[in-house]
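Remarks on the structure that follows.
It should be emphasised that the depicted structure is a prediction, and the values quoted were computed from it without experimental measurement. Just so it is clear: chains get the letters A, B, ... in the order the sequence lines come, proteins before strands, and each one is counted from 1.
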Amino acid sequence: MSSGTDSQAQCSTASDPASKSMDDIMALCKRRGFIYPASEIYGGINGFWDYGPLGAQLKKNLRDAWWTDVVMKGCNGKLGPDGKPVSIVPVDTSIIQNPKVWEASGHVGGFNDPMVDCRETKNRYRADHLMCMGEKGDSTGQIYAFIENDDKSFANALKKLSKYKKKDIPEDGVDICSLTELGADELTITVGPDAKEVGTLTEPRAFNLMFPTVIGATGDIETNKAYLRPETAQGIFINFKNVVDTTRVSVPFGIAQTGKAFRNEVTPRNFTFRSREFEQMEIEFFCHPDDAKDWYVFWRDWRMAWWQDLGLKGDNLILREHDKDELAHYAKEGAGTSDIEYKFPFTAPGFGELEGIADRTNFDLKQHAEHAKTKLDYFDNTRGELAKNGQPKGERYLPHVIEPSAGLDRGVLALLCEAYTPDPERASGVYMKFHPRIAPIKAAVFPLVKKGGMPEVAAPLAAELRNRFGHLGTIDYDEKQSIGKRYARMDEAGCPFCFTIDGETLDADSPNHNTVTVRDRDSLSQERISIASVGDYLAEKLGL
RNA sequence: GCGGGCGUAGCUCAAUGGUAGAGCGUCAGCCUUCCAAGCUGAAUGUUGAGGGUUCGAGUCCCUUCGCCCGCUCCA
C-alpha cells in the first residue's frame, strides 16, 4: 500500500479481541453514532442496521481505500505473476436482474434446499441428504431415516430397525429410498436419524435465502417474480462480454464492483456480521486456465497484506485454506479457496470470515453461456502456435476466474473491533485506534479556551484543513467546554490528531509564536509545529 | 424456524399493585491557559408494542416485536 509506514506503526500493537466485550463495542457504536439498529423507533427490524454519521464515513473510507488500491492503482502497482501491471476495471450492476441469472448461477437451486427438522432432537437435515430404510420385502412397520453416505448413521438406523423387528438384519437386507419420496402419512411412522421416538420429522420445507420481489406496479408475485441479488458477482459475469467488447481490456484482467446484496438469513446474528442486507467488494479476475493457480496465489497473498496494512495485525488475522470437502460446488476443480478471517470478540478464540478468495474455474461463464445460449469464450491473440508471418494464431478459451470477495460491513466491524481499546488511564475510558487513513474524523482543531483571540485563529485553520482534506473525512472544530472534555470525545470517535491553538500561538514575544500543539491520540504525546505547516503535517500522516 | 434468557431516559440503574426518578452523558450560559474540573439552567419516557385482570399495572396474566445465547445458514 502507498500509505505511510509511520502511520502503520501506530497500529502495530495487536490487542486481543477475546478480551473485548461485544456489548461494550456495540454501546460505543450507538453512543458515538457509528451504527444504529435499523427502524429503531418502530421497535427495530431483525437483521438490518443503519450507519450513523461516523459509521457512514468510516464505511466510505474503507470502500474508497479498496476502490483506490484495487481498481484505480491496480493492486497499488504490484506486478502480477506474469510480470505485468494488474489490470482492473469497475462496473456497477443492477441489484435486480433477470431471474434466469439466478437459475444459471445455481442460487435458485442451491438456495431452495428443502430442510427437515426433528422435533425431538432439534436437529435439522437437508431433505435430499436423508435416506430411509425398511426390511427388504416387508413394507409394514416403522421406517428408519439415516444420513446419506454416513456409515455411522446407516449402522445406527440398521441397529434400530433390527431391534424393532427383533432379529438381526444384514446390511443388504434392507430396501432404501430417499426421504423426499415419502408421503405425509409415511413420515408419521418414520424415526429420525438421531431420534428415539417415531414421527418426529417435519415435512420438508424450502428455505429460500433470496429476497423475492415483484416487477411492475401491478405485477403479480407468481408471474412477475424477481429477486434482490444474493451476491454482486453474477452482475460481473453477465457483463463479461460487454466489457471485453467495449473496452480495451485483454485477459488477464479483472472486473470489480462494490454494492449491496441481500440474503434472507435464517438467523441474523452477531451485530452486523451476519445481516440480511450487506455490502460486498468483489473482484472477478479472468485469466487463462493454465495461469489460474498463479493468480490465485497472487490474489490470496495480496489481499491478506492489504487488510494487514489497514491495521488488522498479528494473530487477529489469519489466512485459512479450505479443506477439499468444504469447497463450494463451483470451486471443486479449482486451485483452491481460502478465507481471510478475523478474530472477532464473538468468535474468539475462533475466527470469522472477512473475505474469501476462490478459484471459481470457468463455472460461471460456462453456466451463463449455456443458459443464455451465448458465446462467452475469449479469443486470445497472444497465444497459440505461430503463423507464417510470425504472429501467434490465437487461442479461443473460456477464462478461469479468481474471485477475491470481501464483506464491506464485516470489514468495518473488524476495524471497529480492532480499534476498540479500553484504557482506564484516560478520561473516556476507551479510545478508537483507527488507522489514520480510515478514521472518519481526520483531525480536530481547538482553541485552548474560548477567548484571547484563539477562536479567531483556530476557526480559519479548521476551514483551511476542511478545504484540503474534506474529501477524505471530517475536520472537527470545537470551542465548547474544557479542552480535556474535547480530547476525550475525539478519543471515542477515533480522531488521530488534535491541533490546539493556545496563548503561545498568539504571543509575538514567545519562541512558540505561530505554533500549535499536536496531540497524538495513541501516545497522548504533544509536539509543537508551526501553524503554517499543519496541512502538510496532516497530509504526511495520512499517507498522501 | 426451534429451545433458553432479557426488555424502564442516549448509557448504568431505582421505583411495596398507588404521583415514573437518580447519576453520567447531551444541549445552552458563565467560568476555564492542555486531558470528561466547577457553577446555573434545559431537553429527553405511549416503562419495546398490543390486549386482559384491577378502583388503580413499570410491577400480575396473555399475545406480539426486538435483542442476547445454542442449533442451522453464510460474504
Roughly how many Å apart are [M] and [N], using the [atom1] atom of each and rounding to a whole number?
| N | M | atom1 | answer |
| --- | --- | --- | --- |
| B/A36 | B/C74 | P | 50 Å |
| B/U72 | B/U59 | C1' | 37 Å |
| B/U63 | B/C68 | P | 23 Å |
| B/A43 | B/G10 | C1' | 12 Å |
| B/A14 | B/G4 | P | 26 Å |
| B/C13 | B/U40 | P | 28 Å |
| B/G17 | B/C2 | P | 34 Å |
| B/C71 | B/A22 | C1' | 42 Å |

Could you check whether any side-chain N or O of [X] sits under 3.5 Å from a backbone N or O of [Y], counting only pairs where one atom can act as donor and the other as acceptor?
| X | Y | result |
| --- | --- | --- |
| A/Ser153 | A/Ile147 | yes |
| A/Lys20 | A/Tyr420 | yes |
| A/Gln280 | A/Thr232 | yes |

Using purine N1 to pyrimidine N3 plus N6-O4 or O6-N4 for Watson-Crick, or N1-O2 and O6-N3 for G-U wobble, each under 3.5 Å, what pairs with [N]?
| N | value |
| --- | --- |
| B/G38 | B/C30 |
| B/G3 | B/C69 |
| B/A49 | B/U63 |
| B/G58 | none |

- Task: Find which nucleotide of RNA chain B each of A/Pro268 and A/Gly356 is nearest to by heavy atoms, and output the residue with the more 5' nucleotide.
- Result: A/Pro268
- Ring centres of A/Tyr342 and A/Phe344 under 6.0 Å apart? yes
- Task: Taking the six-membered ring for Trp and the full ring for Phe, Tyr or His, determine whether the centres of A/Phe285 and A/Trp299 are under 6.0 Å apart.
- Result: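 Here the rings of A/Trp299 and A/Phe285 have centres that are less than 6.0 Å from each other.
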- Give me the ring orientation class for A/Trp302 and A/Trp306: parallel if the planes are under 30° apart, tilted from 30 to 60°, perpendicular past 60°. tilted
- Task: Please work out whether the ring planes of A/Phe240 and A/Phe286 are parallel, tilted or perpendicular, with thresholds of 30° and 60°.
- Result: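 Because their plane-to-plane angle lies in the 30° to 60° range, the rings of A/Phe240 and A/Phe286 count as tilted.
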Atom pair distance, as rounded to whole Å: [atom1] in [X] and [atom2] in [N]:
| X | N | atom1 | atom2 | value |
| --- | --- | --- | --- | --- |
| A/Glu279 | B/C74 | CD | P | 22 Å |
| A/Met26 | B/G7 | CE | C1' | 14 Å |
| A/Asp409 | B/C74 | CG | C1' | 14 Å |
| A/Arg274 | B/G70 | CZ | P | 11 Å |
| A/Glu282 | B/C74 | CD | C1' | 13 Å |

Search all heavy atoms of [X] against all heavy atoms of [Y] and return the closest pair with its distance.
| X | Y | answer |
| --- | --- | --- |
| A/Glu282 | A/Ala233 | OE1-N, 2.6 Å |
| A/Pro447 | A/Pro455 | CB-N, 3.7 Å |
| A/Tyr296 | A/Gly336 | CE1-O, 3.3 Å |

- Is any N or O donor-acceptor pair between the side chain of A/Arg276 and the base of B/C74 shorter than 3.5 Å?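 Under the 3.5 Å cut-off, the side chain and the base do not form any donor-acceptor pair.
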Do any N or O atoms of the protein come closer than 3.5 Å to N or O atoms of nucleotides 63-66 of chain B, and which pairs are they?
| unit_1 | atom_1 | unit_2 | atom_2 | d |
| --- | --- | --- | --- | --- |
| B/G66 | O4' | A/Gly43 | O | 3.2 |

- Message: At 4.0 Å (heavy atoms only), tell me whether A/Phe273 reaches a base, stays on the sugar-phosphate, or touches nothing.
- Response: base
- Could you tell me whether A/Thr505 contacts a base, only the sugar-phosphate backbone, or nothing, with contacts defined as non-hydrogen atoms closer than 4.0 Å? nothing
- Can you check each nucleotide of nucleotides 23-36 of chain B against protein heavy atoms at under 4.0 Å and return B for base, S for sugar-phosphate only, - for none, in 5' to 3' order? ---SSSSS-BBBBB
- Query: Is A/Arg486 salt-bridged to A/Asp476, going by a charged N under 4.0 Å from an acidic O?
  - Reply: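 Looking at A/Arg486 and A/Asp476, the cut-off is not met.
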- Message: Is A/Asn270 close enough to B/C69 that one of its side-chain N or O atoms is under 4.0 Å from OP1 or OP2 there?
- Response: yes
